[in-house]
Amino acid sequence: MKLTKTLLASTALTVVAGMTFADGHMANEMTIVSWGGAYSNSQQQAYHNPYSEKTGVKIINDESSAEAVAKLRAMNEAGNVTWDVVDVVAADAIRLCDEGLAMEIDFDEQLAPAPDGTSASDDFGDLLVSDCFIPQIVYSTTFGYRTDMVGDTPPTSVCAVFDTDAYPGKRALEKRPINNMEWALLCDGVAKDEVYDVLETDEGQQQALDKLATIKDDVIWWSAGADTPQLLADGEVVMGSTYNGRLFSVIEEQNQPVAMLWDAQVFDLDGWIIPAGLSDERKARALDYIYFATDTQRLADQAKWISYGPARASSAPLVGQHADLGIDMAPHMPTDPENAKNTFLYNYEFWADYRDDIDAKFQAWLAQ
């Protein structure tokens with residue numbers, strides 16, 4: 001998959017540019033939607049605060065990214081789009097773009113070039129997976145486990161989540177099919193490179209649900225990225241899935257007895273879209289913000305607060321130490337060679353096509 005080589009090259013940083021859309025007609029406040037917790041804090045530190053200091057713009061944070069597609073559909077239908085910039089995963093960006101709910105971007109006109117003059121389209125490269133999607137980070141969904149609840153044999157495989165004999169206790173899984181269906185098939189014997197071929201079929205989807213059913217009574221289903229770190233910190237689950245940056249926070253910043261499992265970690269992209277239908281003033285402000293927040297230095301700066309790899313190739317050499325802990329961030333990135341030995345490459349195009357149907361089937365299964 002073409003995503004791989006670019007992901008492995010990405011990891012951190014550089015300067016700014018200063019393109020401005022300012023002509024005196026930009027909105028003086030904006031609502032930015034994201035995922036909350038440690039992730040939103042990293043954006044606040046790296047993007048929002050410096051942008052507000054530079055421009056005086058008031059930024060209102062909204063933590064509704066998990067519901068972005070449904071809410072943008074509703075806003076558009078009502079003719080009242082209240083969001084200015086929205087953080088979404090790549091598959092959701094593709095869906096929103098296909099439905100005309102996100103604005104198309106001219107990457108080389110509306111995004112900053114790299115400090116050496118490399119165009120934005122070349123600097124982001126293969127990560128530009130949609131005409132509406134401005135990549136921000138490379139991250140992984142993986143598992144964390146309580147080191148004091150797994151005995152002398154800590155898990156080394158993602159399939160430990162299905163092994164309630166070796167690892168009794170509750171486990172946390174996200175309340176949606178994405179990733180869970182892939183892991184279920186992998187742990188039911190499907191070869192890694194055949195997972196999406198199997199998942200295209202009704203039989204394959206049922207196979208994944210049947211595997212998940214073997215642990216259904218042992219699962220606490222989560223809907224916010226901060227849920228699993230809190231459940232682990234409280235000792236309510238023995239293991240659970242979430243984003244690697246959230247686990248970094250609970251392990252390194254909170255010093256909890258938690259470790260990260262780097263097996264079948266699912267690579268994915270996260271980035272910005274600008275909703276379609278904004279007024280000229282709000283659109284100009286959103287574009288000005290995007291130009292600032294996705295330049296080489298800003299993307300590298302985010303890695304000072306969370307262990308996600310920046311999406312620009314020119315940012316990688318600038319990744320340094322954690323802003324508060326002073327530790328080297330590179331070994332904590334999902335793209336670090338030691339962590340990326342057995343990754344699973346998420347197919348965002350598959351989920352853009354099948355998300356609604358499999359979501360409905362998954363939620364019906366949960367309700368049984």
Side-chain angles (χ1 to χ4, degrees), residues 1-13 38-39 42 125-127 135-148 150 152-161 167 179 182-183 186-187 191-193 195 225 228-229 232 238-270 299-347:
M1 196 171 289
K2 64 182 181 180
L3 189 58
T4 320
K5 55 180 181 289
T6 311
L7 293 181
L8 295 177
S10 299
T11 312
L13 80 103
Y39 182 59
S42 70
D126 290 341
L127 304 194
Q136 182 189 161
I137 58 154
V138 177
Y139 73 99
S140 283
T141 304
T142 188
F143 279 86
Y145 61 89
R146 287 281 302 208
T147 56
D148 57 347
V150 294
D152 297 329
T153 54
T156 58
S157 163
V158 69
C159 297
V161 72
Y167 303 103
N179 300 332
E182 288 97 322
W183 286 323
L186 283 174
C187 295
K192 188 181 288 187
D193 60 358
V195 163
T228 290
L232 286 167
V238 63
M239 63 182 69
S241 65
T242 190
Y243 316 123
N244 73 282
R246 307 301 183 112
L247 290 170
F248 171 85
S249 178
V250 77
I251 295 169
E252 300 294 340
E253 296 175 352
Q254 300 175 35
N255 200 29
Q256 295 289 335
V258 175
M260 192 119 55
L261 178 63
W262 291 108
D263 181 62
Q265 54 151 317
V266 182
F267 269 148
D268 198 1
L269 303 173
D270 202 285
L299 292 188
D301 285 348
Q302 188 173 8
K304 294 178 182 177
W305 286 278
I306 201 161
S307 56
Y308 295 145
R312 298 188 77 130
S314 62
S315 298
L318 301 180
V319 168
Q321 296 182 333
H322 189 279
D324 300 319
L325 302 177
I327 61 175
D328 186 4
M329 293 298 284
H332 299 280
M333 296 294 173
T335 48
D336 181 84
E338 282 299 310
N339 303 333
K341 289 179 177 176
N342 191 25
T343 59
F344 181 85
L345 292 178
Y346 175 77
N347 188 329

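Predicted model, so just to flag it, every value in this text is computed and none were measured.
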**Request:** Would you give the length of the straight line joining atom CG of N179 to atom CD of Q265, rounded to the nearest 0.5 angstrom?
**Result:** 11.0 Å
Would you mind writing out the side-chain donor-acceptor pairs for residues 257-264 within the sub-3.5 Å range, not counting sequence neighbours?
from	atom 1	to	atom 2	distance (Å)
W262	NE1	N339	OD1	3.4
D263	OD1	N342	ND2	2.5
D263	OD2	V158	N	2.8

**Asked** Taking side chain as C-beta onward, heavy atoms only, is Y243 less than 4.5 Å from D268?
**Response** no
**Request:** Test F143 against V161 for side chain to side chain contact (heavy atoms under 4.5 Å, CB included), laying out the working first.
**Result:** CA-CA 9 Å; F143 279 86; V161 72; 3.8 Å; yes
**Message:** Quick one, Y39 with Y308, criterion ring-ring contact (aromatic ring centres under 6.0 Å, His included). Give me CA distance, side-chain angles, the key distance, then yes/no.
**Reply:** CA-CA 9 Å; Y39 182 59; Y308 295 145; 5.7 Å; yes
**Complete:** What one should report as the nearest heavy-atom pair of R146 and L232 is NH1-O, 2.8 Å
**Request:** Drop me the distance from L299's CG to S314's OG, to the nearest 0.5 angstrom.
**Result:** 8.0 Å
**S42 side-chain N/O to W305 backbone N/O, donor-acceptor pair under 3.5 Å** = no
**Prompt:** Would you say K192's side chain and L345's backbone share a donor-acceptor pair under 3.5 angstrom?
**Reply:** no
**Request:** Mind listing the closest non-hydrogen atom pair of L127 and P135 along with its distance?
**Result:** O-CG, 3.1 Å
**Request:** Could you tell me which non-hydrogen atom of D328 sits nearest to which non-hydrogen atom of G320, and how far apart they are?
**Result:** OD1-O, 3.6 Å
**Pairwise distance NE2(H332) to CD1(I327) - rounded to 0.5 angstrom** = 4.0 Å
**Inter-residue atom distance M329.CE - S307.OG, 0.5 Å rounding** = 5.0 Å
**Request:** Evaluate side chain to side chain contact (heavy atoms under 4.5 Å, CB included) for E252 paired with H322, printing each intermediate quantity in order.
**Result:** CA-CA 10 Å; E252 300 294 340; H322 189 279; over 6 Å; no
**Asked** Would you say the side chain of F248 lies within less than 4.5 Å of the side chain of I306, judging by non-hydrogen atoms?
**Response** no
**Test log, rule side chain to side chain contact (heavy atoms under 4.5 Å, CB included), inputs V195 and L186** = CA-CA 7 Å; V195 163; L186 283 174; 3.8 Å; yes
**Complete:** In terms of heavy-atom contacts, V150 and T147 come closest through CG2-O, 3.7 Å
**Prompt:** In chain order, what residues pass the side-chain hydrogen bond (donor to acceptor under 3.5 Å, both in side chains) check against T142, with sequence neighbours excluded?
**Reply:** none
**Prompt:** Do V266 and E182 have side chains that get closer than 4.5 Å, going by heavy atoms?
**Reply:** no
**Prompt:** What pair of heavy atoms forms the shortest contact from A303 to M333, and how long is it?
**Reply:** CB-CE, 3.6 Å
**Request:** Provide the closest heavy-atom pair for Y167 versus V238 in the form atom of the first, atom of the second, distance.
**Result:** O-CG1, 4.1 Å
**Asked** Yes or no on side chain to side chain contact (heavy atoms under 4.5 Å, CB included) for L269 and V138, after CA distance, side-chain angles and deciding distance?
**Response** CA-CA 5 Å; L269 303 173; V138 177; 3.9 Å; yes
